[in-house]
There are 2 protein chains.
Amino acid sequence: MDQAVSRSLAILEALASAGAPVRLSRLSEQVGLQKSTAHRILQTLVALGYVIQEAETGRYGASLKLWELGSAIVFEHPVKRAAASFLQSLHREVGETVSLLVPSGEDVLYLERLVSPRPTRFSARPGSRVPALLTSGGRAMLAEAADLRDAAARALAHAGDRREATLAEIVRDLEEARRRGYAISRDTPGVVSMGCAIPGRTGSPAAAISISAPVERVTQEDEARVATALLATCAALQDTVGLL
Amino acid sequence: MDQAVSRSLAILEALASAGAPVRLSRLSEQVGLQKSTAHRILQTLVALGYVIQEAETGRYGASLKLWELGSAIVFEHPVKRAAASFLQSLHREVGETVSLLVPSGEDVLYLERLVSPRPTRFSARPGSRVPALLTSGGRAMLAEAADLRDAAARALAHAGDRREATLAEIVRDLEEARRRGYAISRDTPGVVSMGCAIPGRTGSPAAAISISAPVERVTQEDEARVATALLATCAALQDTVGLL
DNA sequence: GCCGCTTGTTCCGCTCTGCGGAACGACGTA
DNA sequence: TACGTCGTTCCGCAGAGCGGAACAAGCGGC
């Protein structure tokens, strides 16, 4: 476990999540390093182009180089490539915000988002990570688990106090989602979203597609229509590209 | 210059640009490391979640974690934030592909791209890096340099043989662009694009906005109309948010 | 103007991290 | 069966990197 490697990445993570440039002192105490150690690592990162030091204040901030790397990685991502055209068709058809997400531990990771041309409330930014239980796409994937109760329990434990529901309620919710083929979420106030899982090679789901819209734009019949389109898209994706 | 740090980042860069998972042997010779050294670093990267090792083949590939970091970085990027709404208006108005790019050494880096709903030929992917001289946005920024001839010479040297033009021609081109307020590029066959620079605090340009479309969709009068919209957008951006 | 706080940076000696040559077992091929 | 190549493990040596301490510069309040 090369400690210099792990320390440098810890520094990069801190800088990335900080947003604005950070003072060396704050940074070194945040990652738990001696000032001199953090300083040396930062100088290395600056030399490599990953970090920029403000000329006047001396503060350090992340450059765009990490983003360059990241873009190249996600650009080649097989799931994203496979789903791209299907997402676009779906987006055109329903005219609401369409997202692609993949499981990542007990979270889901948003890979892509095609925003609605109509006004929207809120939808997860690509690259953001959210506890699976809090999203329709995540719940759609959870509903595919072999042991629903176990999956629900772990997901609930990981969601913290942000999901106010009993285990029994959640299990019932997942059972219903499995029966229906898609999950519905009303966790974010004022927005309703539907998610559908896409099976992977391993048996567990490889991804999910979700559609979200302001509640007032979704009547009962809209819901049925959108759900049909969502399910059709997932089925078509599976048929043409096979298991992801 | 912590060598472990620089080596680990070299490995990550190699994995990111590789696209598909790579064998340890190829990787170690590519970055010029002993197999055992590369292996140890890879193990730490796996433990930290930046690298995934395929279970069956043993090959190594980049995970999405770097992309998560990168997304967080670019999300906070001041230029991108400032320009976002202006880009959208412009995109709606002209209906063609709109890009935002920033200078990065002798290259330009594409920050964002709003693709045209109509069919398009090719446009640079966000996160990609291109020699400044080969794009309209890059040339628009070059045209703002104090010493045009010097800037052109350096840009030309860096563009390699992909730009077939003499220094004199390029200088004339840049002079014209400066006079006009925007640059035109027909480097990619079949697509024409216009770029406009946005001045920064330092005096040198902070960013550029470009519009690109298939040649057959751009008549003489279209060109004038699009150019007007582009210039108006850049002016409005500058007026409302000030120098970037 | 002076003092005291905090900043980023530099120095240097000790130590333990990380290095890499070599050997290993597993697998696939000739 | 013999060979090539794969990823992995081992271990002794060396120097990379660690961090406490001292430094100069900048800032705000008496």
Side-chain angles (χ1 to χ4, degrees), chain A residues 1-63 65-66 73 76 78 201-202, chain B residues 1-63 65-66 73 76 78 201-202:
Chain A
M1 275 285 289
D2 301 36
Q3 75 174 227
V5 173
S6 103
R7 287 173 169 185
S8 63
L9 288 170
I11 287 180
L12 281 176
E13 287 180 26
L15 288 180
S17 60
V22 188
R23 323 204 63 103
L24 172 61
S25 317
R26 319 275 175 208
L27 187 59
S28 62
E29 75 179 293
Q30 185 179 341
V31 297
L33 292 180
Q34 212 65 241
K35 255 201 314 178
S36 58
T37 303
H39 180 260
R40 182 170 29 79
I41 294 179
L42 279 167
Q43 291 306 326
T44 309
L45 293 175
V46 168
L48 296 174
Y50 287 90
V51 168
I52 294 173
Q53 183 172 23
E54 286 185 341
E56 53 281 6
T57 68
R59 283 193 280 235
Y60 294 91
S63 78
K65 191 158 180 180
L66 269 192
I73 293 172
E76 304 279 358
R201 286 203 166 73
T202 62
Chain B
M1 275 284 289
D2 300 35
Q3 74 174 219
V5 173
S6 104
R7 287 173 168 185
S8 63
L9 288 170
I11 287 180
L12 281 175
E13 287 180 26
L15 288 179
S17 59
V22 188
R23 332 201 110 253
L24 172 61
S25 317
R26 322 272 174 211
L27 188 58
S28 62
E29 75 179 292
Q30 186 180 341
V31 297
L33 291 180
Q34 213 64 242
K35 258 201 310 179
S36 59
T37 304
H39 180 260
R40 181 172 29 79
I41 294 178
L42 279 167
Q43 290 306 326
T44 65
L45 291 176
V46 168
L48 296 174
Y50 287 90
V51 168
I52 293 174
Q53 184 172 22
E54 286 186 340
E56 53 280 7
T57 69
R59 283 193 279 236
Y60 295 92
S63 78
K65 190 158 180 179
L66 269 192
I73 293 172
E76 305 278 359
R201 286 204 165 73
T202 61

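Since the model is a prediction, treat every value here as computed from it, not as a measurement. Just so it is clear: chains get the letters A, B, ... in the order the sequence lines come, proteins before strands, and each one is counted from 1.
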From CD of Glu29(B) across to C1' of dG7(D) the rounded distance in Å is 15 Å
Under a 4.5 Å cut-off applied to non-hydrogen side-chain atoms, are Lys65(B) and Glu13(A) in contact? yes
Whole-Å distance, Leu24(A) CG to dC23(D) C1', equals 15 Å
In whole angstroms, the gap separating P of dC5(C) from CZ of Arg23(A) amounts to 18 Å
Check: Would one find a side-chain N or O of Arg26(A) under 4.0 angstrom from OP1 or OP2 of dG8(C)?
Finding: no
Under a 4.0 Å heavy-atom cutoff, the residues of residues 32-63 of chain B touching DNA chain D are Lys35(B), Ser36(B), His39(B), Gln43(B), Gln53(B), Tyr60(B)
Closest of dC19(C), dG8(C), dG17(D) to the Asp2(A) side chain is dC19(C)
Assign each of Arg7(B) and Val22(A) the nucleotide of DNA chain C bearing its closest heavy atom; nearer the 5' end lies the nucleotide of Val22(A)
ask   = Should Leu27(A) and Leu42(A) count as side-chain neighbours, where that means a heavy-atom distance under 4.5 Å?
value = yes
side-chain contact (heavy atoms from CB on, under 4.5 Å) test vs Tyr60(A) passes for just one of Val46(A), Val22(A), Leu45(A), namely Val46(A)
Gln3(B) atom CD is separated from dA16(D) atom C1', nearest whole Å, by 7 Å
Determine: side-chain N/O of Ser25(B) to OP1/OP2 of dT5(D), distance under 4.0 Å, yes or no. no
- Query: Side chains of Ile73(A) and Leu15(B): closer than 4.5 Å at any heavy-atom pair?
  - Reply: no
Under a 4.5 Å cut-off applied to non-hydrogen side-chain atoms, are Leu12(B) and Val51(B) in contact? yes
Show your working on side chain to side chain donor-acceptor pair (under 3.5 Å) between Gln3(B) and Arg7(B) and close with a plain yes or no. CA-CA 6 Å; Gln3(B) 74 174 219; Arg7(B) 287 173 168 185; 3.3 Å; yes
